[in-house]
Amino acid sequence: MKRFKKASDIKVGVIGYGGAFNMGKAHLDLMKQAGMTPVAVMDVDKTRVEQAGKDFPGIETYTSLTAMLSKSSVNFVVIITPHNTHAKIALQCLNAGKHVCSEKPLAITTEECDKMIAAAKKNGLVLTTFHNRHWDGWIIEAVRQIVREKRIGDVVRVEGHMGGYGKPGDWWRSSKTISGGILYDWGVHILEYSLQLIDSEMVEVFGTAHNGFWASQTKWGKDTNEDEAKAIVRFKNGSWLSLQSSSIDLNSPEGFLTVTGTKGKYVMGGGLGYKIWYMQDGQKRYEEGPNPPGQYEKYYGNVADHLVKGTELVITPEWSRRPIHILDLANKSAKAGKAIKAKYA
């Protein structure tokens, strides 16, 4: 792969500017902070590209992806669009010679990820996913205590949970076809955390789901996300991981992750500091404390260093594919009613 001489030579553009949290502007600001140069914005909504022009005076704006790829000097693009469009857009950009960052999830299926990875390799380009939460304070602290210091012994199980009780909103994230399902949105974050804590190969995935309670009450009808879904992953070393997301849970567990080891238990995420129960001198002990601040800026800093200096890329496409593989197999398992062997470890 050809390197850039300096970070400012990386000319960046975003595909999809509006939506929740004003993500297009947030991405461009973070890339600018990493030394990259924002040059283009593409969105099918004219009002959004007009806003982009106000936020970044002089930036090129497009309502056509084909036009942006052919006319702009952009060489690194970020995809900020609904989940089911990520693969198609990424392939178009990679085949046009552009480095690509996709918002998470990387795609919806393993097959889509495979095609994206193959295109990136064929064209000698970077493909990565915006897993900025890899640097959340609570997972940084959990990795220190659980992986490095072994405070709860060997990890036996990791239980991820998200959700509560309430009708899904009438937006695209509530559509199974568009979003991938109830496990995909926050679930991809939780799986990315979890896979930092389990040092073993995936063996198989089992999935189950409940459908139909909310479906008649949303605009998506039968295409509404599951009311609740669960994925269970078995690893070669005997540990296991579960992920549950629900819209019918009136009393969901605290935090995002509960990690049980041979010598203790650790709870993290969801605005909490950490909580840990452990054995010491034959007695059960309890401790809680704050997490360090998040370090989201490290994501684009690492990407820039990789493109300029050849620094090892932290969020590789193969790493990004692992949570998608779990979600994909969980969907297939729920339909088949049996566990499915993992293709990728």
Side-chain angles (χ1 to χ4, degrees), residues 83 104-106 108-110 131 133 136 138-139 142 146 152 155-169 173-176 178-198 200 202-215 218 220 223-235 238-261 265-272 274-275 277 322-340 342:
H83 302 166
K104 73 291 256 182
L106 175 59
I108 288 180
T109 69
T110 306
H131 275 299
R133 288 186 174 274
D136 261 327
W138 47 62
I139 189 61
I146 296 171
I152 61 170
V155 173
V156 174
R157 69 176 186 267
V158 177
E159 298 165 282
H161 27 74
M162 175 57 62
Y165 190 92
K167 181 177 77 71
R173 292 176 189 270
S174 299
S175 161
K176 173 80 172 171
I178 301 174
S179 72
I182 195 171
L183 290 176
Y184 273 75
D185 201 4
W186 263 98
V188 75
H189 293 293
I190 294 171
L191 289 175
E192 204 274 337
Y193 296 146
S194 301
L195 291 169
Q196 295 183 56
L197 303 176
I198 300 176
S200 185
M202 290 189 284
V203 175
E204 64 180 7
V205 178
F206 175 77
T208 188
H210 184 280
N211 296 277
F213 180 72
W214 293 117
T218 81
W220 302 109
D223 189 46
T224 303
N225 282 349
E226 306 91 336
D227 304 314
E228 181 171 288
K230 188 163 190 169
I232 301 173
V233 188
R234 185 168 66 86
F235 291 84
S239 60
W240 58 272
L241 157 66
S242 68
L243 167 66
Q244 179 171 298
S245 188
S246 179
S247 61
I248 54 171
D249 192 341
L250 281 166
N251 187 26
S252 55
E254 66 176 345
F256 289 159
L257 285 183
T258 301
V259 186
T260 301
K265 183 181 287 285
Y266 191 100
V267 176
M268 59 160 274
L272 298 171
Y274 70 85
K275 296 184 178 182
W277 295 259
R322 293 187 83 202
I324 307 307
H325 193 39
I326 292 171
L327 297 169
D328 183 21
L329 294 184
N331 269 331
K332 292 176 179 176
S333 171
K335 292 179 180 179
K338 62 180 181 180
I340 298 179

Legend entry - Candidate list Q196, H189, E192, test side-chain contact (heavy atoms from CB on, under 4.5 Å), partner I139, passing option: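 By the side-chain contact (heavy atoms from CB on, under 4.5 Å) criterion, I139 pairs with just one of Q196, H189, E192: Q196.
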Spatial distance of atom [atom1] ([X]) from atom [atom2] ([Y]) [nearest 0.5 Å]:
| X | Y | atom1 | atom2 | result |
| --- | --- | --- | --- | --- |
| D185 | S179 | CG | OG | 7.0 Å |
| F256 | H161 | CZ | NE2 | 10.0 Å |
| L195 | H131 | CG | NE2 | 9.0 Å |
| N331 | I108 | CG | CD1 | 9.0 Å |
| T208 | K230 | OG1 | NZ | 9.5 Å |
| I152 | I146 | CD1 | CD1 | 4.5 Å |

State, to 0.1 Å, how close [X] and [Y] come at their nearest heavy-atom pair, and which atoms those are.
| X | Y | result |
| --- | --- | --- |
| S239 | I198 | OG-CG2, 3.4 Å |
| Y274 | Y266 | CB-OH, 3.1 Å |
| F213 | D227 | N-OD2, 2.7 Å |
| L329 | A342 | CD1-CA, 3.8 Å |
| F235 | V203 | C-CG2, 3.6 Å |
| S247 | E226 | OG-O, 4.3 Å |

Legend entry - Non-neighbouring partners of W186 that pass side chain to side chain donor-acceptor pair (under 3.5 Å), sequence neighbours left out: none
Legend entry - Close side-chain approach of V205 to D328, heavy-atom, < 4.5 Å: no
Inset, instruction - Kindly indicate whether the side chain of N225, heavy atoms from C-beta on, has any atom under 4.5 Å from the side chain of W220. - result: no
Inset, instruction - Just grab all the salt bridge (Lys or Arg N to Asp or Glu O under 4.0 Å) pairs involving residues 204-213, residues at least two apart or on different chains. - result: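 Qualifying pairs: E204-R234.
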Legend entry - G169 backbone acceptor or donor facing S174 side chain under 3.5 Å: yes
Legend entry - Side-chain (D249) to main-chain (G164) donor-acceptor, under 3.5 angstrom: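 Checked: no pair found.
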Legend entry - Pair S175-D223, side-chain donor/acceptor within less than 3.5 Å: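 Their side chains do contain a donor-acceptor pair, which is all the 3.5 Å distance test asks for.
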Inset, instruction - Give the C-alpha distance, both sets of side-chain angles, the deciding distance and a yes or no for side chain to side chain contact (heavy atoms under 4.5 Å, CB included) between L183 and I326. - result: CA-CA 10 Å; L183 290 176; I326 292 171; over 6 Å; no
Inset, instruction - Determine, stepwise, if the pair I182 / S245 fulfils side chain to side chain contact (heavy atoms under 4.5 Å, CB included). - result: CA-CA 6 Å; I182 195 171; S245 188; 3.5 Å; yes
Inset, instruction - Check the angle between the aromatic planes of Y184 and H83 and answer parallel, tilted or perpendicular using the 30° and 60° thresholds. - result: tilted
Inset, instruction - Starting from the C-alpha separation in whole Å, work towards a yes-or-no answer on side chain to side chain contact (heavy atoms under 4.5 Å, CB included) for Y193 and V158. - result: CA-CA 10 Å; Y193 296 146; V158 177; over 6 Å; no
Inset, instruction - Taking salt bridge (charged side-chain N to carboxylate O under 4.0 Å, His left out) as the test, write out the residues that go with K167, two or more places apart. - result: none
Legend entry - Check against side chain to side chain contact (heavy atoms under 4.5 Å, CB included), L243 and L327: CA-CA 9 Å; L243 167 66; L327 297 169; 4.0 Å; yes
